[in-house]
Amino acid sequence: MNEGDSLPAITVMTPDGTPLALAAAPRPMVIYFYPKDDTSGCTREAQDFSALREEFAAAGVSVIGISKDSPKSHAKFIAKHDLTVSLASDEDGTACEAFGVWKEKSMYGRTYMGIERATFLFDTDGKLVGKWGKVRVKDHAQTVLDAALAL
């Protein structure tokens with residue numbers, strides 16, 4: 001996805017199993033992709049976005065975190081860490097492919113396919129106006145909030 005691209009017409013699942021059509025979700029919106037529930041970086045990122053939930057809401061910006069974890073896994077992750085950020089499941093990888101975050105990764109000399117941590121900011125018209133790839137978690141949620149407030 002490149003700046004100016006439209007929000008793709010993709011459906012993901014909420015933790016309670018309800019389908020969520022991203023193109024019909026409230027905008028402006030932040031969509032962030034993360035590799036796995038309940039891992040240290042992903043937990044910190046979800047907690048950071050949760051801590052800023054009220055500020056995003058006051059700016060009229062919705063935030064959705066997406067991974068390939070199941071809705072059941074998301075529900076446990078939310079309950080375990082008292083998260084307030086919305087999460088959605090992309091078990092079949094359709095959203096990951098559309099956003100270009102399903103990438104070859106390597107760790108300890110082993111290569112594998114996985115989600116590259118990335119964040120996308122869409123304006124009220126559903127146009128991509130901000131994109132962060134290979135995200136480092138520290139201070140990232142605040143950086144995204146600052147960009148959202150500038151809309």
Side-chain angles (χ1 to χ4, degrees), residues 1-8 10-16 18 20-91 93-103 105 107 113-151:
M1 293 214 66
N2 297 307
E3 290 196 22
D5 286 352
S6 294
L7 187 60
I10 292 172
T11 300
V12 292
M13 293 296 235
T14 64
D16 68 3
T18 304
L20 172 66
L22 293 179
R27 292 184 298 241
M29 72 164 31
V30 169
I31 297 175
Y32 76 93
F33 286 85
Y34 65 98
K36 185 128 183 78
D37 287 346
D38 217 16
T39 56
S40 60
C42 299
T43 300
R44 178 80 266 149
E45 186 175 27
Q47 289 171 329
D48 290 351
F49 275 111
S50 289
L52 296 174
R53 182 178 172 274
E54 292 302 318
E55 287 89 340
F56 278 104
V61 179
S62 61
V63 178
I64 301 170
I66 299 176
S67 77
K68 291 184 77 169
D69 294 299
S70 69
K72 184 178 178 179
S73 175
H74 283 336
K76 287 180 183 178
F77 184 42
I78 289 166
K80 180 177 180 180
H81 297 285
D82 295 320
L83 302 175
T84 59
V85 68
S86 297
L87 299 179
S89 179
D90 178 38
E91 288 183 288
T94 304
C96 290
E97 289 288 339
F99 282 82
V101 300
W102 188 246
K103 306 264 185 161
K105 300 169 85 175
M107 185 183 301
M113 295 300 290
I115 295 175
E116 177 182 274
R117 192 181 308 279
T119 303
F120 302 85
L121 174 61
F122 292 90
D123 66 11
T124 55
D125 297 323
K127 298 290 184 194
L128 182 62
V129 294
K131 176 180 173 182
W132 297 264
K134 296 184 181 179
V135 167
R136 299 279 181 224
V137 173
K138 185 175 175 12
D139 301 322
H140 177 64
Q142 183 63 54
T143 299
V144 175
L145 176 60
D146 293 344
L149 290 170
L151 287 179

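When reading the values below, keep in mind they use all heavy atoms of this one structure, side chains included, and skip hydrogens, waters and symmetry mates.
- Between Ile64 and Leu22, some side-chain heavy-atom pair lies under the 4.5 Å cut-off.
- Atom-to-atom distance recorded for Ser86:OG and Ile66:CD1 is 10.5 Å, nearest 0.5 angstrom.
- By the 4.5 Å heavy-atom criterion applied to side chains, Phe120 and Val101 are counted as neighbours.
- Atom-to-atom distance recorded for Arg27:CZ and Leu151:CG is 12.5 Å, nearest 0.5 angstrom.
- A 4.5 Å side-chain heavy-atom check between Ser73 and Lys36 finds every atom pair outside the cut-off.
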- CA sep, side-chain torsions, deciding dist, call: Leu83, Phe49, side-chain contact (heavy atoms from CB on, under 4.5 Å): CA-CA 9 Å; Leu83 302 175; Phe49 275 111; over 6 Å; no
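- Of the inter-residue distances, the one linking Glu3 atom CD with Leu121 atom CG reads 9.0 Å to the nearest 0.5 angstrom.
- The line from NZ of Lys68 to OG1 of Thr94 is 8.5 Å long, rounded to the nearest 0.5 Å.
- When all heavy atoms are compared, the tightest approach of Ile115 to Ser67 is CD1-CA, 3.9 Å.
- Taking the six-membered ring where tryptophan is involved, the planes of Phe33 and Phe99 are tilted, since the angle between them lies from 30° to 60°.
- Shown here for Ser89 and Pro71, the closest heavy-atom pair between the two residues is OG-CD, 3.6 Å.
- For the pair Lys105 and Pro35, the tightest heavy-atom approach, listed with the atom from each and the gap, is NZ-CG, 3.9 Å.
- Within the model, atoms CG of Leu145 and CZ of Arg53 stand 13.5 Å from one another, a figure rounded to the nearest 0.5 Å.
- At a threshold of 4.5 Å between non-hydrogen side-chain atoms, the residues Lys76 and Asp37 do not count as touching.
- For Tyr34, the ring pair (Phe, Tyr, Trp, His ring centres under 6.0 Å) partners two or more places apart in sequence, or in a different chain, are Tyr32.
- At a threshold of 4.5 Å between non-hydrogen side-chain atoms, the residues Glu45 and Val137 count as touching.
- A donor-acceptor pair under 3.5 Å links the side-chain atoms of Asp90 to the main chain of Cys96, judged by distance alone.
- Across all their heavy atoms, Gly126 and Phe122 have their closest contact at O-CD2, 3.5 Å.
- When side chains are defined from C-beta on, Asn2 counts as touching Lys131, because their heavy atoms get closer than 4.5 Å.
- Side-chain atoms of Ser6 and Lys127 form a donor-acceptor pair, as typed in the model, at a separation below 3.5 Å.
- Taking every heavy atom of both residues into account, Met29 and Leu7 meet most closely at SD-CD2, 3.9 Å.
- The side-chain heavy atoms of Val30 and Phe56, taken from C-beta on, include a pair separated by under 4.5 Å.
- To the nearest 0.5 angstrom, Gln47 atom CD is 10.5 Å from Thr84 atom OG1.
- Sparse packing is recorded around NZ of Lys72, with 12 or fewer heavy atoms of other residues, nucleotides or ligands lying under 6.0 Å away.
- Using the six-membered ring where Trp is involved, His140 and Trp132 have ring planes that are perpendicular, over 60° apart on the 30 and 60° scheme.
- Nearest heavy-atom pair, Pro15 versus His74, reported as atom, atom and distance to 0.1 Å: CG-CB, 3.8 Å.
- In this structure, the side chains of Asp38 and His81 come closer than 4.5 Å at one or more pairs of heavy atoms.
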